Amino acid sequence: MKEKIVTILLFMFFMLSAENINGQDESSNTIKITPIEHATAVLEWNNITIYIDPVGGKKAFENQKLPDLILITDIHGDHFSLETLQELDTKKAKIIVPQAVADKIPDEFTPQIDVLNNGDTKERYEIQVEAIPMYNLRNEALKFHKKGRGNGYVLNMGGKRLYFSGDTEDIPEMRALQNIDKAFVCMNLPYTMTVKSAADAVLEFEPKEIYPYHYRGRPNVSDVTKFKALINDGNSNIKVIQLDWYPQDDF
């Protein structure tokens with residue numbers, strides 16, 4: 001019996017030592033993803049909470065932890081809501097935005113703000129954030145998203161690379177992405193791109209997992225079932241993960 005207890009204690013000591021050597025345990029690499037609605041999401045990693053494009057007021061986040069980091073992609077109301085920022089408790093949060101968004105945020109937030117232009121990077125809370133261009137290509141859509149105004153983001157965290165497209169078409173900068181583990185890609189007309197364009201871009205940069213999001217258009221909702229089929233037919237190694245981005249709707 002004593003020998004068995006000693007063996008168990010030695011095993012526990014070995015496991016704890018291994019965690020200390022590595023500097024983190026397996027749970028610190030786990031990324032929890034909670035869709036809020038449309039383009040808005042909450043990520044949790046290593047005791048850090050990240051809000052992506054927080055809109056919907058305080059009520060939309062009533063069951064969420066307070067943010068440590070906030071990323072905003074563009075000035076449009078489905079991505080940026082000053083009222084939501086003012087309603088939320090963001091005292092401890094750093095807020096990463098493009099200049100066009102910073103220009104719309106009052107001075108009270110200035111100490112919290114990091115402005116990133118396309119191509120810039122910033123590290124906060126051991127997360128390296130890369131600002132990726134997002135813009136339209138079709139002539140009829142150029143008025144919606146001008147190149148250089150907004151940011152998509154790549155987050156390097158826990159050994160993973162996560163890409164949030166923001167509002168964009170299948171631009172060369174998206175197609176050139178490398179080593180993306182989780183990609184969140186928009187597809188809604190007339191503002192961004194078609195399902196086919198989104199799938200074609202994803203098949204080129206080959207993320208390990210793709211999350212279709214931001215697919216409510218005007219007037220139609222994009223066919224994410226068709227998107228999944230295009231990805232599965234083109235590259236069965238890419239896993240398509242469908243989350244509920246519209247909990248108040250039937251799609």
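Just so you know, these numbers come straight off a predicted model, no measurement behind them. All residue numbers refer to positions in the sequence shown, counting from 1.
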Minimum-distance pair of heavy atoms, taken over all atoms of M157 and I127:
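Smallest interatomic distance, heavy atoms only, reads CB-CG1, 4.0 Å.
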Test applied, ring pair (Phe, Tyr, Trp, His ring centres under 6.0 Å); reference residue, H38; option that passes from Y213, W245, Y246
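With H38 as partner, ring pair (Phe, Tyr, Trp, His ring centres under 6.0 Å) holds for just one option, Y246.
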Which residue is it: Y51, F184, Y153? I am looking for the one with a ring pair (Phe, Tyr, Trp, His ring centres under 6.0 Å) to F164.
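Result for ring pair (Phe, Tyr, Trp, His ring centres under 6.0 Å) with F164: F184.
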Donor-acceptor pair, N151 side chain versus L116 backbone, under 3.5 Å?
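Side chain of N151 to backbone of L116: a pair is present.
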Is the side chain of T121 donor-acceptor paired with the backbone N or O of V129 at a distance under 3.5 Å, no angle test?
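Side chain of T121 to backbone of V129, a donor-acceptor pair under 3.5 Å: no, none is there.
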Is the count of non-hydrogen atoms from other residues, nucleotides or ligands lying under 6.0 Å from [X] atom [atom1] greater than 12?
{"X": "E123", "atom1": "CD", "result": "yes"}
{"X": "D244", "atom1": "CG", "result": "yes"}
{"X": "D233", "atom1": "CG", "result": "yes"}

Would you call [X]-[Y] a salt bridge at under 4.0 Å N-O?
{"X": "R175", "Y": "D200", "result": "yes"}
{"X": "E87", "Y": "K59", "result": "no"}
{"X": "R161", "Y": "D181", "result": "no"}

Look at the rings of F205 and Y163 and say which category their plane angle falls in: under 30° parallel, 30 to 60° tilted, over 60° perpendicular.
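If you compare the ring of F205 with that of Y163, the planes turn out perpendicular.
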Applying salt bridge (charged side-chain N to carboxylate O under 4.0 Å, His left out) between D68 and each of K91, K92, K94, report the one that passes.
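Result for salt bridge (charged side-chain N to carboxylate O under 4.0 Å, His left out) with D68: K92.
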Please say which of V97, I113, L85 ends up in a side chain to side chain contact (heavy atoms under 4.5 Å, CB included) with I70.
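Answer after filtering V97, I113, L85: L85.
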Take T73 and D167 through the test side-chain contact (heavy atoms from CB on, under 4.5 Å) and record every step on the way to the result.
CA-CA 8 Å; T73 59; D167 281 349; over 6 Å; no
CD/E209 to NZ/K182 distance, rounded to the nearest 0.5 angstrom?
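Here the interatomic distance stands at 3.5 Å.
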Is there a side-chain contact between R138 and L189 in this structure, where contact means two heavy atoms from C-beta onward sitting under 4.5 Å apart?
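They are in contact (side-chain heavy atoms under 4.5 Å apart), so the answer is yes.
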